[in-house]
Amino acid sequence: MKKIMVKWCKRPWLVVTYAIGIAIAMVCIFQWGFWKPEKRLLAMLGILLPLHVFEENTYPDGFHYMMNLAQNSDRPDQGPMNRLTDMISNFGGELLFLALFLWGGNAATTILVAFFGVGETAVHLVLGILTQKKLKDRGMKSIYGPGLATACLTMLPLSIYAIHVLSGEALGASDIVAGVVFIAGVIALLIRIPMMVFGKFQPEYAFESSGYFRKFE
């Protein structure tokens, strides 16, 4: 079983994630005009997350190196973010967004979309600043790290649109509470807990390359 998981955590999950994003995009072509704004937002998030993952994990690749270096890891290719935790966070997120998209969405999911792009952009900016400080002596001059471009140029505008949608709705306390639960659930179940439980130095789940940061090693 572990051999299967190790293999899955290399490239297969990425291919499936990209395929889901493409499938949602194809459905959008034919059904966009029939959907309410809440469902459109979830569709776009289901498309943009794979694009974001592509920048982080395929080209230029290397987000894990920045994430781990910022946490003072002496083995940034292995942990605390490794292939297993990365797969859980991103593939799990894509499955969640796909499920919410198929369900249809509501004000609470719109709150999640509004937070997601802002949160991703903030995280990438902070990590970029921290990493640039650590690697400036090795020639890193900008705060760019894999994922920043798609966060700023695609996810952040989507969040701004989600905020615009929310401004036209009469939000109830239950909507706000449900939205906060969605956000807390994503952070805890897909990001923090996987890194706490599985974020150990496991060579079998190590990344093969530091990607964008190879030139600064």
Side-chain angles (χ1 to χ4, degrees), residues 2-21 48-94 116-156 186-217:
K2 188 170 184 178
K3 290 183 179 180
I4 295 175
M5 184 59 70
V6 169
K7 185 175 181 180
W8 166 255
C9 288
K10 290 184 178 179
R11 291 297 171 187
W13 78 268
L14 289 170
V15 174
V16 175
T17 300
Y18 301 155
I20 293 173
L48 295 181
L49 180 58
L51 185 64
H52 184 62
V53 170
F54 181 87
E55 185 185 4
E56 289 186 340
N57 290 274
T58 300
Y59 186 81
D61 186 20
F63 172 72
H64 66 278
Y65 189 90
M66 176 172 65
M67 170 67 88
N68 291 335
L69 196 66
Q71 298 180 74
N72 299 314
S73 172
D74 59 350
R75 283 174 282 183
D77 63 321
Q78 291 187 34
M81 179 182 176
N82 55 39
R83 285 189 181 277
L84 178 58
T85 66
D86 187 33
M87 182 277 296
I88 293 172
S89 297
N90 288 308
F91 186 63
E94 183 66 4
F116 199 84
V118 174
E120 281 287 344
T121 301
V123 166
H124 278 274
L125 285 173
V126 170
L127 290 177
I129 292 171
L130 292 175
T131 304
Q132 192 276 330
K133 288 182 178 180
K134 289 178 177 292
L135 298 180
K136 62 181 179 180
D137 293 338
R138 303 184 195 176
M140 186 173 178
K141 298 179 180 179
S142 76
I143 64 170
Y144 172 78
L148 180 61
T150 46
C152 292
L153 299 178
T154 67
M155 289 183 164
L156 183 58
V186 168
I187 295 173
L189 298 178
L190 296 180
I191 302 174
R192 294 307 306 161
I193 291 178
M195 290 186 69
M196 291 171 62
V197 176
F198 302 111
K200 304 172 183 178
F201 294 118
Q202 304 178 74
E204 63 269 31
Y205 291 116
F207 288 89
E208 297 173 354
S209 169
S210 54
Y212 174 79
F213 296 99
R214 189 185 300 112
K215 56 190 172 184
F216 302 120
E217 290 184 304

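Just so it is clear, the values below take in all heavy atoms, side chains as well, and ignore hydrogens, waters and symmetry mates.
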* To do: Indicate yes or no: at least one non-hydrogen side-chain atom of Q132 is less than 4.5 angstrom from one of S142.
  => no
* Do T85 side-chain atoms and M81 backbone N/O form a donor-acceptor pair below 3.5 Å? -> no
* Asked: What orientation do F91 and W13 show, parallel under 30°, tilted 30 to 60°, or perpendicular over 60°?
  -> perpendicular
* Taking atom types as modelled, find out whether D86 and N90 have a side-chain donor-acceptor pair closer than 3.5 angstrom. => yes
* Asked: Ion pair present between R138 and E217, side-chain N to carboxylate O less than 4.0 angstrom?
  -> no
* Are T17 and E94 close enough that a side-chain donor and a side-chain acceptor fall under 3.5 Å? -> no
* Under 3.5 Å donor-acceptor, E56 side chain and G147 backbone -> no
* **Between Y18 and T58: side-chain donor-acceptor atoms closer than 3.5 Å** => yes
* Test side-chain contact (heavy atoms from CB on, under 4.5 Å) applied to Y205 and M87, step by step -> CA-CA 10 Å; Y205 291 116; M87 182 277 296; over 6 Å; no
* Using the benzene-type ring in the case of Trp, are the ring centres of Y59 and F54 under 6.0 Å apart? -> no
* Structure fact -> To the nearest 0.5 Å, atom NZ of K134 lies from atom CG of L130 at 7.5 Å
* **Residue pair P76 / H64: nearest heavy atoms and the distance that separates them** => O-CD2, 3.4 Å
* To do: Of all the heavy-atom pairs spanning K7 and P12, show the shortest one and how long it is.
  => O-CD, 3.2 Å
* Kindly say whether the aromatic ring centers of Y212 and Y144 come within a distance under 6.0 Å. => yes
* Test: R75 cationic atom under 6.0 Å from F201 six-membered ring centre, within 45° of axis -> yes
* Take F116 and L156 through the test side-chain contact (heavy atoms from CB on, under 4.5 Å) and record every step on the way to the result. => CA-CA 8 Å; F116 199 84; L156 183 58; over 6 Å; no
* Indicate yes or no for a side-chain donor-acceptor contact from Q202 to the backbone of F198 under 3.5 Å, with no hydrogens or angles considered. => yes
* **L84 CG to S89 OG distance, which is reported to the nearest 0.5 Å** => 9.5 Å
* Is R192 reaching over with its side chain to a backbone N or O of I187, donor-acceptor style, under 3.5 angstrom? -> no
* Pair E204-R83, salt bridge (Lys or Arg N to Asp or Glu O under 4.0 Å): steps then yes or no -> CA-CA 9 Å; E204 63 269 31; R83 285 189 181 277; over 6 Å; no
* Under the 3.5 angstrom rule, does the side chain of S210 hit a backbone N or O of G62 as a donor-acceptor pair? -> no
* Asked: About how many Å separate CG of L135 and CE of M66, when rounded to the nearest 0.5 Å?
  -> 10.5 Å
* Heavy-atom closest contact (F63 atom, P146 atom, distance) -> CD1-O, 3.5 Å
* Give, for atom CG of L69 and atom OG1 of T131, the distance between the pair rounded to the nearest 0.5 Å. => 5.5 Å
* To do: Please tell me if the side chains of E55 and P60 come closer than 4.5 Å, counting only heavy atoms from C-beta onward.
  => yes
* From E120 CD over to H124 NE2, what is the distance, rounded to the nearest 0.5 angstrom? -> 4.5 Å
* Side-chain (T121) to main-chain (A151) donor-acceptor, under 3.5 angstrom -> yes
* Distance in Å, E208 CD paired with K10 NZ, rounded so as to fall on 0.5 Å steps -> 5.5 Å
* Asked: Where do L51 and L48 land on the side-chain contact (heavy atoms from CB on, under 4.5 Å) test, with the steps shown first?
  -> CA-CA 5 Å; L51 185 64; L48 295 181; 4.3 Å; yes
* To do: Any chance you could lay out the side-chain contact (heavy atoms from CB on, under 4.5 Å) test for H52 and M155, step after step, and finish with the verdict?
  => CA-CA 9 Å; H52 184 62; M155 289 183 164; 3.5 Å; yes
* Structure fact -> Looking only at heavy atoms, the pair that brings S73 and P80 closest together is CB-CD, 4.2 Å
* Least distance between heavy atoms, S209 atom then G211 atom -> OG-N, 2.9 Å
* Please report the shortest heavy-atom distance between P194 and I88, naming the atom on each side. => CG-CG2, 3.6 Å
* Would you say the side-chain atoms of N82 and K200 include a donor-acceptor pair closer than 3.5 Å? -> no
